[in-house]
Amino acid sequence: MRNTLLILSYFLIFISAHEIFGQSKTTVKNSYNIHPNRSLNNTESDFFAKSIEEVDFEKYRLKSKDVVLVFTNGFNLVLTAADRLSLNGILVNTADYSEDATSEYIYPSFKIDESGIVVTMYRTKPVKSELKNITK
């Protein structure tokens with residue numbers, strides 16, 4: 001009996017730690033718009049929306065500016081500014097969001113694969129010497 005309680009206690013601690021430290025944050029529903037660059041049918045739109053809501057795009061949202069994220073699937077994701085969400089009654093803590101991204105920051109582009117997994121594709125910012133070679 002004592003061993004059973006001990007094992008149960010360890011299990012509960014493990015589950016609690018996973019909930020506390022695990023990445024469980026997701027994109028807030030009704031806090032974004034999908035702007036297609038091509039014709040999307042309802043099935044595609046629903047699939048993309050479901051995939052987006054299962055991932056944490058909140059880390060890209062800004063406090064007072066909308067953010068446009070490019071998806072290679074043929075649409076742009078527009079994250080509504082946190083201030084506007086709050087005014088529209090969507091519960092977000094505006095203090096959790098940055099006012100602006102740094103001028104050096106380059107937003108990644110994204111792709112949603114056929115299984116619904118969102119793939120992030122990072123680019124590096126070219127240095128000035130590379131820019132000179134491009135413009136020649």
| Going from CG on Leu91 to CG on Leu85, what distance comes out if it is rounded to the nearest 0.5 angstrom? | 10.5 Å
| For Asn93, what residues pass the side chain to side chain contact (heavy atoms under 4.5 Å, CB included) criterion, not counting sequence neighbours? | Ala95, Asp96
| note | Quick note, salt bridge (Lys or Arg N to Asp or Glu O under 4.0 Å) partners involving residues 85-94, not counting sequence neighbours, are none
| Is a side-chain N or O of Asn41 found less than 3.5 angstrom from the main chain of Thr43, in a donor-acceptor match? | yes
| message | Are the side chains of Asp56 and Thr26 in contact, using a 4.5 Å heavy-atom criterion? | response | no
| request: Identify, with sequence neighbours excluded, every residue that meets side chain to side chain contact (heavy atoms under 4.5 Å, CB included) alongside Ile117. | output: Asp113, Ser115
| query | Using 30° and 60° as the class limits, which term best fits the ring planes of Tyr60 and Phe110: parallel, tilted or perpendicular? | reply | perpendicular
| For Val70, does its backbone N or O pair with a side-chain atom of Ser109 as donor and acceptor, under 3.5 Å? | no
| Counting N and O atoms only, with roles assigned by atom type, does the side chain of Ser51 sit under 3.5 Å from a partner on the main chain of Gly116, one being a donor and the other an acceptor? | yes
| field | Listed partners of Ser31 passing side chain to side chain donor-acceptor pair (under 3.5 Å), at least two apart | value | Arg61
| task | Please list all pairs passing the salt bridge (Lys or Arg N to Asp or Glu O under 4.0 Å) test where one or both residues lie in residues 65-84, with sequence neighbours left out. | result | Lys65-Asp100, Asp66-Arg84
| Under 3.5 Å, is there a donor-acceptor pair between the side chain of Asn73 and the main chain of Ile112? | yes
| request: Classify the ring geometry between Tyr107 and Tyr105 as parallel (under 30°), tilted (30 to 60°) or perpendicular (over 60°). | output: perpendicular
| About how many Å separate CG of Leu69 and CG of Leu77, when rounded to the nearest 0.5 Å? | 5.5 Å
| said: Set out, in order, the CA-CA distance, both residues' side-chain angles and the distance that settles ring pair (Phe, Tyr, Trp, His ring centres under 6.0 Å) for Phe48 and Phe75, then state yes or no. | reply: CA-CA 10 Å; Phe48 292 145; Phe75 68 91; 4.8 Å; yes
| So which pairs with a foot in residues 35-44 pass salt bridge (Lys or Arg N to Asp or Glu O under 4.0 Å), sequence neighbours left out? | Arg38-Glu44
| task | Report the C-alpha separation of Phe57 and Val118 in whole Å, then their side-chain angles, then the decisive distance to 0.1 Å, and conclude whether the side-chain contact (heavy atoms from CB on, under 4.5 Å) test is met. | result | CA-CA 10 Å; Phe57 280 102; Val118 177; 3.8 Å; yes
| said: Closer than 3.5 angstrom, by distance alone: can the side chain of Glu99 be matched with the main-chain N or O of Lys63 as a donor-acceptor pair? | reply: no
| field | Audit row: Ile34, Ile52, side-chain contact (heavy atoms from CB on, under 4.5 Å) steps and yes/no | value | CA-CA 10 Å; Ile34 294 175; Ile52 288 165; 4.0 Å; yes
